[in-house]
A.B. asks: 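Sharing a structure here in structure tokens format.
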Amino acid sequence: MVYFDSHCHLNDEAFASDLEETVAKAREAGLKAILVLGYDVISSRLAVEIASKYDICYAGVGIHPENYEGLSIDDIKQIEELSHNEKVIAIGEVGLDYHWKNDEETKANQKAFFIEQIKLANKLGLPLSIHARDASEDTFNILNEYRPTSGAVLHCYSGSVEMMERFAKLDLYFGFDGPLTYKNSIVPKECVKVINVDRLLVETDSPYLSPVPFRGKRNEPAYIPYIFNMMAELKGLTETELEEKLNANFSRLFHVKL
Ligand SMILES: [Zn+2]
């Protein structure tokens, strides 16, 4: 089996002491591509460094909606500079997050950073990895107005089935993670069943959101098969059938052959 992890954070300090072993373990598990996403300038730079060091690692660079404080729109130029590295295959993670703060000023700032980074992705011809939490409607409106011209994935999709069907009309992809394996996680399972398999991706978002049976422990790319197997079961496909579909989706969006 050949797998990928389309969204993780090997640049998180949780991997500082055993990055080498973590990548080796992922390789043994069958992963041929690991997309490491930045969430501010420093973590984006680290993502590029990791991607330069390990052949199976790739980088996404971007400023996460929770990290714009203390930055100006001008700082996106640093993201643009990093994006010129040949292992950078996406702009992300970027988007909107109204979970902790949702006053008008916060929303306006997050929107400005999101829009600017969509424009950057379009200018560079790169797909986007989008984080949207408690902000489905605004995320939809922005993507509807500023269409990503090189594709985009809503990573760790956590919205409703109805919202997903609206997003699907914008040609977006949907990434699913460890929560798909949780018993009480009804809506993500329903989403996976409903959406066309040509729109699906698997990701770990490690070090967060470990799948069963590792729930509560640090997550890592080598655990992708647990999420993949649950997705195959939900779609009623054999592992080989799903492998072929998902790997084609990953290659189509990120232009990386698996
Ligand atoms: Zn993430």
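In each ligand, atom 1 is the first atom listed, and ligand 1 is the first ligand listed.
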A.B. asks: Got a sec, which residues hit side-chain contact (heavy atoms from CB on, under 4.5 Å) with Y146, two or more places apart in sequence or on another chain?
C.D. replies: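 Result, side-chain contact (heavy atoms from CB on, under 4.5 Å) vs Y146: I115, I118, K119, I142.
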A.B. asks: For the Zn ion (ligand 1), report each protein N, O or S atom nearer than 2.8 Å, sorted by chain and then by residue number.
C.D. replies: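 Correct list: H7 NE2, H9 NE2, E93 OE2, D205 OD1.
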A.B. asks: Within this structure, what is the CZ-OG1 distance for the pair F114 and T139, rounded to the nearest 0.5 Å?
C.D. replies: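 Here the rounded value is 5.5 Å.
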A.B. asks: Work out which heavy atom in L96 is nearest to a heavy atom in A135; give both atom names and the distance.
C.D. replies: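 Looking at all heavy atoms of both residues, the shortest contact is CB-CB, 3.7 Å.
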A.B. asks: Is the closest side-chain donor-acceptor distance between H155 and S129 under 3.5 Å?
C.D. replies: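 There is no such pair (donor and acceptor under 3.5 Å, judged by atom type) between the side chains of H155 and S129.
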A.B. asks: Give the minimum heavy-atom separation between I79 and S44, together with the two atoms involved.
C.D. replies: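 Result for this residue pair: CD1-OG, 3.7 Å.
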A.B. asks: As an exercise, state the distance from CD of E220 to OH of Y223, rounded to the nearest 0.5 Å.
C.D. replies: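 Answer rounded to 0.5 Å: 4.0 Å.
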